[in-house]
*Asks:* 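I'd like to ask some things about the structure below.
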2 protein chains.
Amino acid sequence: MAATIKDIAKLAGVSTATVSRVLANKSAFFSEATATKVHAAATELGYQKNTAAAELVTRHSNVIAAVVNSTKTNFASQIIEGIQAEAHQHDLNVIILYAGDADPVQQRRALMTVIERPVMGILLLSVDLAPENLTLLQSSQVPYCFLSISFDGERLPYITSDDWQVGYQATQALIKQGHRRIGLAGVDSDFHTGRQRVLGYTQALKDAGITPEDEWVQLGNYSYDAGQTAMQAYGAQTELTAIVGASDMAAIGVMNQARDLGLLVPVDLSIVAIDGTELCSLVQPQLTSVSQNFYEMGIAGVQQLRSTETLPQKITPIKLVNRQSVRMLSPE
Amino acid sequence: MAATIKDIAKLAGVSTATVSRVLANKSAFFSEATATKVHAAATELGYQKNTAAAELVTRHSNVIAAVVNSTKTNFASQIIEGIQAEAHQHDLNVIILYAGDADPVQQRRALMTVIERPVMGILLLSVDLAPENLTLLQSSQVPYCFLSISFDGERLPYITSDDWQVGYQATQALIKQGHRRIGLAGVDSDFHTGRQRVLGYTQALKDAGITPEDEWVQLGNYSYDAGQTAMQAYGAQTELTAIVGASDMAAIGVMNQARDLGLLVPVDLSIVAIDGTELCSLVQPQLTSVSQNFYEMGIAGVQQLRSTETLPQKITPIKLVNRQSVRMLSPE
DNA sequence: AAAGCCATTGTAAACGTTTGTGTAAAGTGA
DNA sequence: TCACTTTACACAAACGTTTACAATGGCTTT
């Protein structure tokens with residue numbers, strides 16, 4: 001059996017209270033002599049603290065739970081790095097839970113495991129909570145904040161990029177290079193994030209005096225497949241000269257499908273991706289992107305959890321990163 | 001304040017023991033009537049179980065911790081999916097911890113957070129534990145198993161592919177297509193895994209009557225950069241006609257650097273990647289790979305944790321997946 | 001009607017910590 | 001030397017559960 005402070009107390013010939021205080025380093029509560037005795041006993045017994053027990057009495061935990069939607073896109077790791085960096089600064093630990101891909105059952109499972117034990121706060125990375133799970137989360141009294149996702153009516157705390165701007169700037173980047181027939185591929189209009197991107201996209205076109213056609217935006221779930229499917233729908237004979245991929249994955253799907261259709265990127269077709277993860281520089285040609293600052297989202301997320309104020313919504317900056325997938329279109 | 005079973009007991013007019021029993025659904029220990037009363041009270045109070053407290057007394061937990069090395073390769077998510085699938089079958093929950101990239105401090109932090117609270121077992125995904133952290137892990141009395149990594153002398157439980165075979169088969173695949181001057185790029189010979197791959201590679205060459213040159217294997221840490229650096233070392237005028245990438249990332253690094261050097265894959269240079277994650281089919285040309293069965297590693301990992309037997313070491317199968325990065329070399 | 005059994009519920013101890021309160025010994029100042 | 005403060009420690013309660021054991025009452029059996 002694992003050693004407890006009781007065992008240490010017996011071995012060192014002191015009370016458990018003293019052991020606890022020495023181990024917690026509550027200085028000015030014990031003498032040097034006993035401290036050394038206690039430490040010696042602790043190491044001799046191979047003592048490991050039972051934090052769960054401690055948390056039970058202090059009613060306070062130092063772990064942050066990050067619940068991530070295991071979608072096939074990979075920005076989560078960047079957010080998590082941000083979370084960890086900021087958390088560790090404040091002596092917080094972070095655990096990560098996979099919540100499946102928009103699967104209410106898995107979501108509930110993940111939520112339950114964190115709600116049922118003491119956590120200091122919950123960060124939800126890009127997860128669309130089913131309504132019943134949102135209720136569950138809210139009733140749990142644990143502070144939480146959504147990351148990389150936004151909501152419309154509900155007053156929920158979230159931190160994300162300005163999705164309207166994301167759509168606008170991606171489109172505008174293409175327009176500036178002379179493109180006028182521009183698609184948007186793989187975006188999910190069922191949720192606020194996607195709708196905003198579509199809106200930004202549309203406005204950018206309108207601001208340039210372009211009337212978008214309905215077929216220009218192909219819906220999807222941001223995945224590689226969504227990008228592929230979208231490009232198939234556009235077809236080899238498409239009138240489009242450029243496409244905004246709703247995510248890096250979608251953009252890659254578009255690009256690869258385009259190649260299969262005999263279209264060369266960027267010669268025949270320009271592409272701008274949304275997200276700007278490392279994937280963009282892995283593929284050939286490297287994808288120009290509207291990049292989100294995921295790392296900062298993570299940092300802001302734990303700050304939000306730590307702060308008492310419930311200023312609930314925050315925007316992290318985006319920026320256009322030029323790589324190789326867009327070409328300047330000479331006026332026809 | 002969150003409601004406890006005490007509150008429920010008071011509201012329902014029963015003892016906490018009874019509440020505990022109906023909530024745990026210990027049937028044949030309570031009547032229908034009280035059950036409904038208790039459930040009503042529980043929902044009215046928005047009761048959330050404090051699992052930490054329960055685990056304290058039962059001395060038993062149902063969470064598995066997966067500690068992952070946040071290296072820049074991405075097979076971890078596949079292993080995790082395997083872990084989750086198998087875990088959920090047995091009503092186990094899984095939490096994930098990032099242990100940094102071979103950083104002893106972060107490793108220790110991750111290890112501590114799981115050791116200090118009740119977990120049923122620990123799975124370590126591809127993490128090279130610093131010696132002091134290994135000691136820590138072993139002294140914790142918690143069952144553990146390494147995944148996707150192997151060890152030499154020490155008797156540690158691990159589940160992984162046969163790395164010697166991985167190296168052998170990747171090389172052999174190239175030899176079968178007529179290649180004889182074959183490189184190995186980005187492999188880390190500081191650890192057993194990498195050494196085995198080199199050994200397999202070397203043996204495959206020898207079996208084909210080829211004497212490998214020292215410069216053919218370029219060491220590295222499996223990363224994209226390692227692949228790039230290796231390819232730079234080979235140079236545009238390289239005698240090699242084919243290269244085994246030590247990982248998907250390394251292979252992509254090799255491929256992109258080759259392109260920058262003016263070498264076309266697979267026309268001028270053939271590539272076989274090791275790992276076979278989705279990345280292989282994302283890039284162009286798609287990478288032929290020796291694919292590991294990461295999903296099954298995850299499954300086997302939780303099985304190992306659940307089983308009492310300490311059969312410590314297990315091998316998961318690999319297979320060659322032909323894609324587009326290898327070309328048949330006509331005999332000169 | 002006594003004895004025994006079963007179903008249902010309550011009592012209380014236990015898990016491993018933290019911490020408020022109490023107290024003996026030691027130190028301080030006159 | 002005495003009153004007082006400080007230091008160093010112990011005692012015991014508390015956190016929210018589970019569960020062994022005891023207790024109650026009704027029912028069956030003879």
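All of these numbers come straight from a predicted model, not from anything done at the bench. These numbers come from the heavy atoms of this one structure, side chains and all, not from hydrogens, waters or symmetry mates. Chain letters run A, B, ... following the sequence lines, proteins first, then strands; residues in each count from 1.
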*Asks:* Reckon Ser15(A) has a side-chain N or O less than 4.0 Å from the OP1 or OP2 of dA10(D)?
*Replies:*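 Ser15(A) to dA10(D) OP1/OP2: side-chain N or O found under 4.0 Å.
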*Asks:* On DNA chain C, check which nucleotide each of Glu32(B) and Asn50(A) is closest to and give me the residue with the more 5' one.
*Replies:*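 Whichever sits nearer the 5' end wins; that is Glu32(B).
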*Asks:* dT8(C), OP1 or OP2 - any side-chain N/O from Thr34(B) closer than 4.0 Å?
*Replies:*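 No.
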*Asks:* Gln303(B): which residues meet the side chain to side chain contact (heavy atoms under 4.5 Å, CB included) condition with it, sequence neighbours left out?
*Replies:*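 So Gln303(B) forms a side chain to side chain contact (heavy atoms under 4.5 Å, CB included) with Glu86(B), Ile299(B), Lys314(B).
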*Asks:* What residues form a side chain to side chain contact (heavy atoms under 4.5 Å, CB included) with Asp91(A), not counting sequence neighbours?
*Replies:*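 With sequence neighbours excluded, Asp91(A) shows a side chain to side chain contact (heavy atoms under 4.5 Å, CB included) to Arg109(B), given in chain and number order.
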*Asks:* Looking at residues at least two apart in the chain, or sitting in another chain, which of them share a side-chain hydrogen bond (donor to acceptor under 3.5 Å, both in side chains) with Ser15(A)?
*Replies:*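 Only Thr18(A) meet the side-chain hydrogen bond (donor to acceptor under 3.5 Å, both in side chains) criterion with Ser15(A).
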*Asks:* Taking only residues two or more places apart in sequence, or in another chain, which ones meet Tyr158(A) in a ring pair (Phe, Tyr, Trp, His ring centres under 6.0 Å)?
*Replies:*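 Testing Tyr158(A) for ring pair (Phe, Tyr, Trp, His ring centres under 6.0 Å), a comparison that skips the adjacent residues, returns none.
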*Asks:* Under 3.5 Å, which N/O atoms of the protein pair with N/O atoms of nucleotides 18-22 of chain D?
*Replies:*
unit_1	atom_1	unit_2	atom_2	d
dT18(D)	OP1	Lys49(B)	NZ	3.4
dT18(D)	OP2	Ser20(B)	OG	2.4

*Asks:* My understanding is that only residues two or more places apart in sequence, or in another chain, count here; which of them pass side-chain hydrogen bond (donor to acceptor under 3.5 Å, both in side chains) with Thr36(B)?
*Replies:*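 Thr36(B): no side-chain hydrogen bond (donor to acceptor under 3.5 Å, both in side chains) contacts found.
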*Asks:* Describe, as an angle rounded to 10 degrees, how the axis at the first end of the helix from dA1(C)-dT30(D) to dA30(C)-dT1(D) is tilted relative to the axis at the last end, five pairs per end.
*Replies:*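 Taking five pairs per end, the axes differ by 40°.
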*Asks:* With sequence neighbours left out, write down each residue that passes side chain to side chain contact (heavy atoms under 4.5 Å, CB included) with Gln106(A), or none if nothing qualifies.
*Replies:*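 Applying side chain to side chain contact (heavy atoms under 4.5 Å, CB included) to Gln106(A) gives Asp103(A), Gln84(B), His88(B).
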*Asks:* What protein N or O atoms touch nucleotides 23-26 of chain D N or O atoms at under 3.5 angstrom, if any, and at what distances?
*Replies:*
none

*Asks:* With sequence neighbours left out, write down each residue that passes ring pair (Phe, Tyr, Trp, His ring centres under 6.0 Å) with Tyr47(B), or none if nothing qualifies.
*Replies:*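 If we apply the ring pair (Phe, Tyr, Trp, His ring centres under 6.0 Å) test to Tyr47(B), skipping adjacent residues, there are no hits.
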*Asks:* Run the side chain to side chain contact (heavy atoms under 4.5 Å, CB included) test against Thr16(A) and tell me which residues pass, sequence neighbours left out.
*Replies:*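 In terms of side chain to side chain contact (heavy atoms under 4.5 Å, CB included), with neighbours along the sequence ignored, Thr16(A) is linked to Ile5(A), Lys6(A), Ala9(A).
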*Asks:* I'd like to check Ile149(B) versus Leu125(B) (side-chain heavy atoms, cut-off strictly below 4.5 Å). Are they in contact?
*Replies:*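 No, too far: nothing below the 4.5 Å cut-off.
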*Asks:* Closer than 4.0 Å, any side-chain N/O of Arg59(B) to the OP1 or OP2 of dG16(C)?
*Replies:*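 For dG16(C), OP1/OP2 do have a side-chain N/O of Arg59(B) under 4.0 Å.
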*Asks:* Could you work out, with side-chain hydrogen bond (donor to acceptor under 3.5 Å, both in side chains) as the rule, every residue matching His39(A), not counting sequence neighbours?
*Replies:*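 Expected list: none.
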